[in-house]
Every structure is written in structure tokens, then in C-alpha cells.
Colleague: 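Submitted below is the structure of interest, expressed as C-alpha cells.
Any value given below was found using the heavy atoms of this structure, including those in side chains, with hydrogens, waters and symmetry copies removed. Residue numbers start from 1 in every chain, and the chains themselves are labelled A, B, ... in the order their sequence lines are given, proteins ahead of strands.
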There are 2 protein chains.
Amino acid sequence: MTENGKSARKGPEAKRARRKTAGSEGPSTIRDVAAKAGVSVATVSRTLAGNYPVSAETRARVMTAVKSLHYVVNVHAKALSGGVAGPVALVVQDITGPSLTHVAAGVEQEATARGRLSLVCSTHGDTAREDDLVQLMREQHAAAVVIVGGVVPDDAYHRRMADYARALDAAGSRLVLVGRPSLPAGLPATVVEYDNRGGAFQATSHLLAAGHRRILFLAGETGFSSSEQRREGYKDALNARTVPYTPELDIPGLYTRTSGYRRVRDALDAGLEFTAVFAATDAVAVGALAALREAGLRVPRDVSLVGFDDVPFAADLTPSLTTIRVPYEELGRTAVRLVLDREESIAPDDHVVLSTQLVIRESVRPPR
Amino acid sequence: MTENGKSARKGPEAKRARRKTAGSEGPSTIRDVAAKAGVSVATVSRTLAGNYPVSAETRARVMTAVKSLHYVVNVHAKALSGGVAGPVALVVQDITGPSLTHVAAGVEQEATARGRLSLVCSTHGDTAREDDLVQLMREQHAAAVVIVGGVVPDDAYHRRMADYARALDAAGSRLVLVGRPSLPAGLPATVVEYDNRGGAFQATSHLLAAGHRRILFLAGETGFSSSEQRREGYKDALNARTVPYTPELDIPGLYTRTSGYRRVRDALDAGLEFTAVFAATDAVAVGALAALREAGLRVPRDVSLVGFDDVPFAADLTPSLTTIRVPYEELGRTAVRLVLDREESIAPDDHVVLSTQLVIRESVRPPR
DNA sequence: CTCGGGGGAGAAAACGATTACTCAAGGGCT
DNA sequence: AGCCCTTGAGTAATCGTTTTCTCCCCCGAG
């Protein structure tokens with residue numbers, strides 16, 4: 001008691017050595033560091049944060065202890081006491097697609113630049129899973145939940161997104177819709193779109209300018225947002241040149257290579273006449289190319305072809321594919337930037353539309 | 001005091017309403033729920049966990065409160081008290097490449113299936129950044145840190161990986177090397193490889209079996225692990241058929257389309273003779289294809305071509321590319337599975353080699 | 001009629017950091 | 001000499017949950 005009384009008056013060894021009696025069990029805590037350095041936990045915390053005067057000698061002792069114990073802070077504890085910025089979550093159907101990958105890269109890039117972690121989750125089109133993910137992200141205190149990809153904008157969709165927006169907002173997070181139809185004003189969500197209509201307009205106009213009049217449009221699924229917007233662009237371009245819109249040349253389907261292949265093969269079998277094809281996606285264009293070639297038609301000599309997306313391999317096809325470049329990476333970066341800027345109340349921009357761009361390669365030529 | 005005394009004796013409203021006087025500030029806590037339901041926080045926690053007897057009536061009250069307050073647990077608090085499994089981190093140079101994407105998909109899939117979050121981080125080849133990420137993942141209490149991609153296995157590399165392995169191990173995490181050279185035994189790391197040598201052996205043998213003798217090998221960078229292993233496979237296959245290895249046919253370079261293009265163009269310009277090309281990567285093969293075509297050579301009529309990786313567009317080239325399939329997705333899944341199984345001390349398997357497979361398409365034909 | 005036991009609920013101690021308070025010592029002033 | 005301010009350090013409250021103790025009540029057995 002006597003010798004204890006002396007050191008207990010001020011010494012930091014007050015109630016140390018509570019339970020960590022055994023040797024090396026689990027990662028070391030700030031208390032271990034404090035013990036080793038012979039200072040209080042507060043001093044360790046402050047030394048590491050570097051926001052408080054600490055004598056050089058103390059700092060050295062602390063740093064030595066930190067090194068020798070391989071100490072790292074526990075994020076959870078840190079977060080609990082308020083010092084950690086939430087991560088950014090990216091929710092996609094499937095990371096594998098070339099365009100989604102670029103969005104992911106953009107998100108990761110911007111998140112990292114701002115000191116956030118980025119989580120990647122895929123839904124595989126399962127809305128229940130999407131619900132779960134939103135819940136999970138609320139738990140994680142995600143700064144932003146970025147959902148990417150076109151959809152069929154029906155009532156159920158709008159209800160779900162409205163719920164997400166409100167739920168995330170209540171948890172201090174924010175919903176970001178990328179390449180998806182925007183929500184009614186007033187809902188706490190950020191939307192980053194790209195100009196589907198304009199892109200399709202440019203693509204179609206490019207074919208029209210080359211002299212094509214019967215342009216096969218390989219659309220996406222009926223009702224699917226991006227597909228409908230691209231169709232509008234296609235129609236508008238025809239209209240602008242007073243070329244009549246022919247419904248039989250407008251064939252819906254999937255955004256896949258196989259679908260493109262089948263539709264062109266069937267169209268040729270049915271004797272449909274056209275001199276150019278505008279595929280709603282590069283993948284569809286690849287399928288179309290295969291079907292045309294199989295039918296003995298040469299691209300671009302016999303039929304011209306334009307895609308949409310400008311995926312990396314578009315330039316490597318034979319012929320290289322004229323297509324519409326979508327700024328996927330920029331889309332991802334913008335999504336994150338908008339939300340994080342808003343957190344610092346810099347620029348409360350809520351809805352951005354990025355433009356698309358025609359990339360001219362070899363797959364278009366005037367009709368014979 | 002009098003009426004207070006009665007309720008204070010047992011009522012849960014003991015020291016509630018501490019500060020949350022104002023209306024809606026921030027997400028609601030378990031205390032808010034407890035208050036609203038008129039029970040203690042312990043009861044709420046137990047009701048939600050469902051691991052303790054709770055009367056039906058109480059449960060109903062709690063659930064109602066949870067719903068109306070849109071309550072979600074705070075992961076950090078939960079993790080702090082020990083109830084949360086750490087995430088799985090994937091560290092790559094650049095998520096954009098088609099193969100890395102598949103690894104990521106595999107990791108995400110397996111992590112999700114086991115209730116873990118997956119973090120994706122890219123280094124862009126910066127080792128300092130890699131160091132930071134390992135540190136960060138220790139803080140995050142990541143269950144596994146999966147690092148993907150070939151490297152030059154020099155001393156510095158081994159030192160760095162050994163440090164990572166130990167640092168992560170000390171933090172209760174685990175280093176997983178995917179498609180990278182393994183570490184000296186005894187180091188706490190898990191390695192998941194695929195059979196580069198075997199794949200190259202198959203590819204080369206396929207060409208030899210078709211009758212080719214002078215096979216141009218477009219390698220990767222000298223010293224780069226996967227490239228060296230693929231070279232070994234190439235040499236072994238030649239050896240097995242007693243075809244001499246000709247150094248001038250073995251040209252190192254980058255794993256890029258452009259590099260493949262340049263090397264083949266230069267080889268043709270230099271008058272080098274060969275009837276087949278084995279590209280160490282599909283991207284390189286695409287470049288080679290372009291150069292051959294530009295020189296008026298037809299594939300596979302004049303020159304045969306084999307790639308490595310089986311990226312998705314390999315099947316869409318003209319001609320479709322014969323190549324070596326690497327089980328990228330399986331690589332990612334295995335990495336996660338091995339570590340998580342080990343955590344449950346099921347099967348402490350530490351080193352796995354997945355096999356590769358020859359995919360025969362149209363780009364190979366006997367020499368003329 | 002008492003006592004053991006189980007169901008149901010609350011109080012309080014972790015979990016690992018951060019940070020508002022306190023407090024002591026020493027230096028510059030008046 | 002007395003006082004205030006700056007430096008440097010420790011104490012303890014707090015963050016939101018989980019979980020271990022307690023405790024109470026009621027029921028059935030002896």
C-alpha cells in the first residue's frame with residue numbers, strides 16, 4: 001500500500017494490467033502501447049494524432065512502443081468516437097462487364113483520393129439482394145451508395161428507389177443513381193446520367209450523313225431505360241433528316257452478343273432490307289458482325305455498322321468499330337465527387353448529365 | 001422525488017434522455033429504440049439477436065419501435081463488442097483488365113456467400129501505396145488480403161511480401177498471393193497459383209502437333225514471373241518433341257496489344273521466319289493479329305496463332321482465338337475459401353495450384 | 001409452506017479509441 | 001513575491017452494442 005500509494009497518486013499505472021496477463025493474444029491495443037511507453041493512453045492517442053503538444057522525449061518513447069508492438073488503431077473504436085469517414089459503396093449487377101468495370105475504377109479512384117474505402121457488391125439482378133445491400137450500407141455508415149445500370153422504370157422501381165433514398169438519407173448516407181432514370185424532385189438522391197439520346201442521335205446521324213436510309217436498329221429490351229432513350233435518339237435523327245421511321249427495322253432484344261447475332265441472322269433470313277446497322281451496344285454489334293460475315297456480307301463494304309459504349313475491344317475488331325464513347329470512368333468519379341463535395345457543402349449539385357461522343361473508326365462507309 | 005422514487009426503483013427510464021433532447025439528429029441508436037419501446041437496451045439487443053427468451057409482447061413492442069425509428073445497428077459498435085466478421089480485401093494494380101475483373105467477381109462471390117464484405121483497392125503498381133493498403137487492412141481487421149498479379153520476384157519483392165505476411169498475421173488477418181510466386185515455407189501466407197508452365201506447354205504442343213517448327217514466342221517482360229513460367233512451358237514443349245529452342249524466336253516485351261503489334265511487325269521487317277505465333281497473352285495476340293494482317297498474312301492460313309488467358313473477346317476475334325483458359329474466377333473464390341475455411345480450422349491448405357486448359361478455336365492450322 | 005428453478009428483464013461492465021476537463025510545473029510580468 | 005499563461009500529461013466521459021451478472025416473479029415439488 002505504501003509504495004503503491006506513491007505511484008498511484010499520479011503514475012499512469014493506475015489500473016493497468018487488467019487482463020492482458022498472458023503473452024501475445026490478438027492485436028495490441030493503445031493500452032499496451034501506453035504501458036510499454038510508460039505513459040497514459042491519452043498521450044499515445046495524441047502523439048499519433050499529432051494535434052497536441054507532446055515533448056520530444058515522450059513522442060520518441062511512444063513511437064518506439066508503437067513500432068515494437070506493431071500497433072495499428074482499431075477502426076471500429078476510432079469510428080465509434082467519431083473520427084472515421086464512411087466508405088463508398090458501389091452496387092452493380094455484375095462487375096464483369098467491361099463498362100461496369102470502368103465505372104468501378106472511377107469510383108475507386110475518387111474514393112481513394114478522398115480517403116474513403118470502396119466496397120463493391122453485386123446483385124445479379126436480385127432486388128431482394130439489393131434491399132439487403134442498402135440495409136447493410138446503412139449499417140456501415142457508407143457515405144454514398146452508388147447504384148449503376150439501366151432498368152425498367154416502372155412503378156415498383158420508383159417506389160424502391162424512393163425508399164432507398166429516404167432510408168439512406170435518414171442514416172446520413174446518400175443514394176446515387178448512375179445511368180438510371182432520375183427520381184421525382186424532393187427525394188434525397190443524386191443522379192449522374194449520360195446522354196443516351198444524344199449518343200444515339202450522333203450515331204444515327206453519322207450513318208445518315210454517309211447516305212444510309214434503311215438503318216436496322218438493334219435495340220435493347222423494350223421498356224429498358226437506356227434502350228428507350230437510344231431509340232429516341234435514333235428516331236430524332238431520322239426525323240431531323242425527314243427519313244421515315246420504319247418499325248420493322250427497329251428490333252428489340254437483349255444487350256448481348258448472342259442476341260445481336262440472332263436478330264441479324266433472322267432479319268437476313270426474313271429478307272429484310274437494310275444497308276446499315278446501329279447496335280444499341282458494342283456487344284450486340286459484335287454479334288451482328290458475326291451474323292453478317294456468316295451471311296457473306298462484308299463490313300463496311302456491304303453493310304455499315306455502329307455500336308454504342310466504346311468498350312476496349314471495339315478498336316480491335318475487324319473492321320474496328322465506329323461507336324459511341326460513354327465516359328464510364330468519369331461517371332464513377334462524378335458520382336463520388338458530387339456526394340463528397342456535398343458533405344462539405346461545397347456544391348450541392350444533384351443531377352448531372354455527362355455527354356457522349358462519336359468515335360469514328362472503320363465500320364461505316366457509304367452504301368453501295 | 002416521491003413519484004420519481006417509485007419508477008426509479010426498477011423502471012428502465014433510469015438515466016435515459018441524456019442528451020437526445022432535440023428532434024431528429026443523426027441515425028437512431030439502440031437507446032432510442034429502448035426508450036420508445038419502454039424496455040432496456042439489453043432487451044432490444046437480445047430481441048434483435050434472437051438468442052434469448054423474450055416474451056411475445058415485448059418482442060412486438062421492440063419490433064414496432066425498430067420499424068418506426070428505422071433503426072439499424074451501428075457496425076462499429078457491434079464490431080467493437082466482437083460480433084462482426086472482418087471484410088475481405090482485394091488488392092490489384094488496376095481493376096479494369098478483363099482477367100482481374102473475373103478474379104474480383106470470384107472474390108466478391110465467395111465473400112458474400114460467407115457474409116463478408118469485399119473491399120477493392122488498386123495500387124497502379126505503386127509499392128508505397130501497397131504498403132499503405134496493407135496497413136489500412138490491418139486497421140480494418142480484414143480477414144484476408146488478396147493480392148493479385150504477376151511480379152518480378154527479386155529480393156525486394158520477397159522482403160516486402162514477408163513483411164506483409166507477418167504484419168497481417170499479427171493483426172489476425174491473412175495474406176493471400178494469387179498468381180504470384182510463393183514465399184519461403186514458414187511464412188504465414190496462403191498462395192493460389194495457376195499452371196502457367198502447363199498452359200504454355202499445352203499451347204506450344206498444340207502448335208507442334210499441327211506441324212509447326214518455328215514458333216515465335218511473344219513473351220512478357222524479362223524476369224516477370226508469369227512470363228518466365230510460360231517460357232519454361234514453351235521450352236519444355238519444344239524439348240519434348242526434340243525441336244531446338246531458337247533464342248531469336250523468343251522475344252520479350254509487354255503484355256499489351258501495342259507491344260504484340262510492334263514485335264510482330266519488327267520480326268517481319270527483319271525477315272524472321274516463323275509459321276506460328278504463341279503470344280503470352282490474348283492482348284498480345286490481338287496486336288500480333290493486327291500486324292500479321294497488315295503485312296498481308298492470313299491467320300490461320302499463313303500463320304497460326306495461340307494466345308493465353310481466354311479473355312471474353314477471344315471468341316469474338318476473326319478468326320476466333322485458340323488460347324489457354326485461366327480459371328480467374330475460381331482463383332478468386334479459392335483464395336477466399338482457403339482463408340475462411342482456415343479460420344474455422346477446417347482444412348489448413350496453404351498452397352493450391354489450379355490447372356489451365358487449352359481452348360481450341362480457329363486460329364491454328366497446319367503450316368502450308 | 002418453503003425452496004429450487006426457470007423465464008424474462010434490467011444494470012453495468014466490457015470493447016478500443018478520442019477528447020473535454022483537470023492539474024502541475026515553470027517562466028515572464030508587474 | 002505573487003500571478004497568469006503555456007506546456008505537457010493524466011482522468012474520465014463518451015461513442016453504441018453485446019453480454020455477464022443480478023434480480024424478481026411465479027410455479028411445482030417436497
Side-chain angles (χ1 to χ4, degrees), chain A residues 7-16 18-20 25-35 37-62 66 69 71-84 138-141 171, chain B residues 7-16 18-20 25-35 37-59 61-62 66 69 71-84 139-141 171:
Chain A
S7 76
R9 204 186 130 270
K10 169 183 179 170
E13 36 273 293
K15 64 173 117 170
R16 198 170 305 129
R18 274 200 297 210
R19 172 185 0 117
K20 189 69 68 71
E25 51 147 309
S28 48
T29 74
I30 196 173
R31 265 204 305 277
D32 301 330
V33 175
V39 298
S40 73
V41 294
T43 301
V44 175
S45 175
R46 296 198 271 238
T47 302
L48 291 165
N51 54 7
Y52 196 85
V54 173
S55 74
E57 192 232 4
T58 305
R59 157 168 293 112
R61 283 224 308 286
V62 169
V66 165
L69 292 173
Y71 169 78
V72 280
V73 292
N74 179 325
V75 254
H76 300 304
K78 188 169 193 169
L80 205 48
S81 58
V84 168
R138 294 214 295 149
E139 294 178 6
Q140 299 286 333
H141 293 237
Chain B
S7 74
R9 205 185 126 271
K10 167 182 180 172
E13 36 273 295
K15 63 173 115 170
R16 199 170 306 132
R18 272 198 296 206
R19 172 187 359 119
K20 189 70 68 68
E25 51 147 312
S28 46
T29 74
I30 198 174
R31 265 206 306 276
D32 300 331
V33 175
V39 299
S40 71
V41 294
T43 301
V44 175
S45 175
R46 295 197 270 241
T47 304
L48 261 28
N51 53 6
Y52 196 86
V54 173
S55 76
E57 192 231 4
T58 304
R59 158 168 290 112
R61 282 225 309 285
V62 169
V66 165
L69 292 174
Y71 170 78
V72 280
V73 293
N74 179 325
V75 254
H76 299 303
K78 188 170 193 168
L80 203 49
S81 60
V84 167
E139 294 177 6
Q140 300 287 333
H141 293 242

Colleague: From the options C/dA17, C/dT18, D/dA9, select the nucleotide whose nearest atom is closest to the side chain of A/S45.
Modeller: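 Given the options C/dA17, C/dT18, D/dA9, the side chain of A/S45 is closest to C/dT18.
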Colleague: Measure from the side-chain N and O atoms of B/S28 to the backbone N and O of B/L69, and report whether any donor-acceptor pair falls under 3.5 Å.
Modeller: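 Flag set: sc B/S28 to bb B/L69 pair under 3.5 Å.
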Colleague: Measure OH/A/Y71 against C1'/C/dT18 and give the value in whole Å, please.
Modeller: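 After rounding, the reported distance stands at 10 Å.
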Colleague: Can you tell me how far C1' of C/dC15 sits from CD of B/E139, to the nearest Å?
Modeller: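 Roughly 17 Å, once rounded to whole Å.
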Colleague: Checking all strands, does B/V33 fall into the base, sugar-phosphate, or nothing category for heavy-atom contacts under 4.0 angstrom?
Modeller: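 Contact class for B/V33: none.
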Colleague: Just N and O in the side chain of B/T43: are any of them under 4.0 Å from OP1 or OP2 of C/dG10?
Modeller: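 Affirmative; the distance criterion is met.
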Colleague: Looking only at atom types and distance, does a side-chain atom of A/T47 sit under 3.5 Å from a main-chain N or O of A/T43, one as donor and one as acceptor?
Modeller: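 Looks like yes, one N/O pair under 3.5 Å.
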Colleague: Which nucleotide wins on minimum distance to the side chain of A/P53, given the candidates D/dT7, C/dA9, C/dC15?
Modeller: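 Output: D/dT7.
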Colleague: Can you tell me how far OH of B/Y71 sits from OG1 of B/T29, rounded to the nearest 0.5 angstrom?
Modeller: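 It is 7.0 Å, given to the nearest 0.5 Å.
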Colleague: Any N or O donor-acceptor pair under 3.5 Å from the base of D/dG8 to the side chain of A/R59?
Modeller: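 Between D/dG8 and A/R59, which were checked side chain against base, a qualifying N/O pair under 3.5 Å is absent.
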Colleague: Can you see if the side chain of B/T29 gets near the phosphate of D/dG16 - specifically, an N or O under 4.0 Å from OP1 or OP2?
Modeller: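 Answer no for this pair, as no side-chain N or O of B/T29 is under 4.0 Å from OP1 or OP2.
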Colleague: Report the distance from atom CG of A/N74 to atom CG of B/L80, rounding to the nearest 0.5 Å.
Modeller: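 These two atoms lie 6.0 Å from each other.
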Colleague: When you measure from the side chain of A/R46 to the backbone of A/Y52, do you find a donor-acceptor pair of N or O atoms at a distance under 3.5 Å?
Modeller: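 Flag not set: sc A/R46 to bb A/Y52 has no pair under 3.5 Å.
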Colleague: Nearest-Å distance, CD (B/E57) to P (C/dA9)?
Modeller: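 Rounded to the whole Å, the gap is 8 Å.
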Colleague: Compare all side-chain heavy atoms of A/S45 with those of A/I30 and state whether any distance is below 4.5 angstrom.
Modeller: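 Heavy-atom side-chain distance check passes, below 4.5 Å.
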Colleague: Tell me the interatomic distance from B/R46, atom CZ, to D/dT19, atom P, rounded to whole angstroms.
Modeller: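 Rounded to the whole Å, the gap is 10 Å.
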Colleague: Rounded to the Å, how far apart are B/N51 CG and C/dG7 C1'?
Modeller: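 After rounding, the gap between these two atoms is 15 Å.
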Colleague: Just how far, in rounded Å, is P of C/dG16 from CD of B/Q140?
Modeller: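 Distance check: B/Q140 CD to C/dG16 P gives 16 Å.
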Colleague: Would you compute the distance between atom NZ of A/K78 and atom NE2 of A/H76 and round it to the nearest 0.5 angstrom?
Modeller: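 Between atom NZ of A/K78 and atom NE2 of A/H76 there are 13.0 Å.
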Colleague: If I take atom CG in residue B/D32 and atom C1' in nucleotide D/dT17, what distance separates them, rounded to the nearest angstrom?
Modeller: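 For the pair B/D32 CG and D/dT17 C1', the rounded distance is 13 Å.
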Colleague: In residues 73-82 of chain B, which residues come under 4.0 Å of DNA chain C by heavy atom?
Modeller: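 By residue number: B/L80, B/S81.
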Colleague: Once you round it to whole Å, what is the distance between P of C/dC15 and NE2 of B/H141?
Modeller: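 These atoms are roughly 14 Å apart.
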Colleague: Does B/S55 place a side-chain N or O at less than 4.0 Å from the phosphate oxygens OP1/OP2 of C/dG7?
Modeller: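 B/S55 to C/dG7 OP1/OP2: no side-chain N or O under 4.0 Å.
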Colleague: Mapping A/Y52 and A/V41 to their closest nucleotides on DNA chain D, which lands nearer the 5' end?
Modeller: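 It is A/Y52 whose nearest nucleotide is closer to the 5' end.
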